[in-house]
Amino acid sequence: MTKTHLPHAVSRLRSARLERSTRPFLARGGPHGERCSGCRLILSHCLCALRPVVPTRAGVCLIMAEHETLKPSNTGWLIADVVPDTMAFGWARTEVDPALLAVLADPQWQPYVVFPGEFVAPERVVTQLLPAHCSADAVVDTESRRPLFILLDATWPEARKIFKKSPYLNHLPVLSLMPEQLSRYRLRRSKREENLCTSEVTALCLQLAGETLAAQTLEAYLDVFTEHYLRAKLQQKLDWDDELHQRLRDLRLSA
């Protein structure tokens, strides 16, 4: 029996976005476009029975472009599935959600904007998490502060726009990742080969924070989600006992 999960932050943001729509949103797939509300896949390829949840000390804050929550291929949803402390906010040029500002000011968190360092002033860039007693601009007592990874969940051009036009992020350190492997994400392709999807970036961040099980689980979950998505698109049956599914099951047992 599939365990029922409460709607997470990305799911709630998607519902709010749909409520603002002036016309119905119809996702493709199935005879009438029906998709599972829990995983956004067509019902025959539903992934909910395999959803893993891994408690972490680190948190994730997704700042999402206008239409990202509506895309079935969006991987921010997967992050919110796996990491309980995932927050999600829609981005707008002319206003900012007060709840997002409250999160950034919350003393329990040490926020990092995850973005390529080549586009940022060098003094803001870090490649590892800051020592427990330091912030980017001053020495403070932050021994109990938890890492909060801020991901700009959007296409590459949209992410650059969000980064440049969000002054409330300007005082935060920028975590620049240097992954040794190219993206394995097969559902959408960036023009920049080194660009990773949001879920892959988050897995690297979790690894930096010492959250190895969560990082590995998120990677495995993305692989299985991609397999389900592509096989649904091609109207192919799933092999529930293949290596990808078994790896995810093994990690879920470890959580």
Side-chain angles (χ1 to χ4, degrees), residues 9-11 13-14 16-18 20-23 25-28 40 60-80 86-97 99-101 103-104 111-127 148-206 208 218-219 222 225-226 229-230 233:
V10 178
S11 175
L13 189 62
R14 182 181 189 275
R17 174 66 181 82
L18 288 172
R20 298 197 309 273
S21 298
T22 58
R23 58 184 180 179
F25 174 75
L26 300 176
R28 291 175 295 176
R40 305 154 300 147
V60 178
C61 177
L62 298 171
I63 300 179
M64 305 185 73
E66 175 70 8
H67 300 296
E68 277 299 322
T69 57
L70 301 181
K71 298 176 181 177
S73 58
N74 173 267
T75 66
W77 189 289
L78 305 182
I79 299 164
T86 297
M87 295 151 267
F89 302 93
W91 185 82
R93 173 67 183 88
T94 57
E95 58 185 356
V96 55
D97 190 330
L100 171 57
L101 298 179
V103 169
L104 299 181
Y112 300 87
V113 182
V114 184
F115 203 75
E118 63 191 277
F119 301 100
V120 186
E123 59 270 19
R124 286 185 66 192
V125 177
V126 297
T127 56
L148 178 67
F149 301 112
I150 301 170
L151 281 298
L152 310 182
D153 194 12
T155 64
W156 174 238
E158 289 172 331
R160 291 188 67 178
K161 179 180 179 181
I162 293 171
F163 185 81
K164 291 170 61 177
K165 298 183 180 295
S166 301
Y168 48 88
L169 301 177
N170 289 349
H171 67 291
L172 300 175
V174 173
L175 179 61
S176 180
L177 300 173
M178 293 175 286
E180 297 178 354
Q181 62 182 34
L182 297 179
S183 175
R184 296 178 298 163
Y185 183 55
R186 295 179 284 155
L187 305 186
R188 283 186 273 164
R189 177 57 58 198
S190 169
K191 292 181 180 179
R192 292 164 55 100
E193 281 194 336
E194 69 273 21
N195 280 2
L196 306 177
C197 75
T198 306
S199 180
E200 289 174 306
V201 171
T202 301
L204 291 172
C205 291
L206 292 170
L208 275 179
L218 187 55
E219 288 177 343
L222 173 63
F225 171 76
T226 302
Y229 188 100
L230 292 177
K233 187 175 182 179

Step-by-step side-chain contact (heavy atoms from CB on, under 4.5 Å) determination, Leu169 to Val174: CA-CA 9 Å; Leu169 301 177; Val174 173; over 6 Å; no

Answer whether the closest heavy-atom distance between the side chains of [X] and [Y] falls below 4.5 Å.
X: Leu177; Y: Leu208; answer: yes
X: Met64; Y: Asn74; answer: yes
X: Cys205; Y: Val60; answer: no
X: Leu204; Y: Glu200; answer: no
X: Cys61; Y: Leu100; answer: yes
X: Met87; Y: Leu148; answer: yes
X: Ser166; Y: Ile63; answer: no

Which atom pair, heavy atoms only, marks the closest approach of [X] to [Y]?
X: Thr75; Y: Ser199; result: OG1-N, 3.1 Å
X: Thr155; Y: Glu68; result: N-OE2, 4.0 Å
X: Arg40; Y: Leu78; result: NH2-CD2, 3.9 Å
X: Gly117; Y: Ser176; result: N-OG, 2.9 Å
X: Pro111; Y: Pro173; result: O-CG, 3.4 Å
X: Ala203; Y: Glu219; result: CB-CG, 3.7 Å

Set of side chain to side chain contact (heavy atoms under 4.5 Å, CB included) partners for Ala99, sequence neighbours left out: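 With sequence neighbours excluded, Ala99 shows a side chain to side chain contact (heavy atoms under 4.5 Å, CB included) to Phe89, Asp97, given in chain and number order.
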
Under-4.0 Å salt bridge between Lys161 and Glu158: no

Gap separating the [atom1] atom of [X] from the [atom2] atom of [Y], nearest 0.5 angstrom:
X: Arg14; Y: Lys71; atom1: CZ; atom2: NZ; result: 13.0 Å
X: Thr202; Y: Leu206; atom1: OG1; atom2: CG; result: 6.5 Å
X: Leu62; Y: Thr69; atom1: CG; atom2: OG1; result: 11.0 Å

Parallel, tilted or perpendicular: rings of Phe163 and Phe115 (30°, 60°):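 Geometry flag for Phe163 against Phe115: parallel rings.
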
Sole candidate of Leu175, Thr86, Ile79 that passes side-chain contact (heavy atoms from CB on, under 4.5 Å) when paired with Phe149: Leu175

Counterpart residues, ring pair (Phe, Tyr, Trp, His ring centres under 6.0 Å), relative to Trp91 (two or more places apart):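 Trp91: no ring pair (Phe, Tyr, Trp, His ring centres under 6.0 Å) contacts found.
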
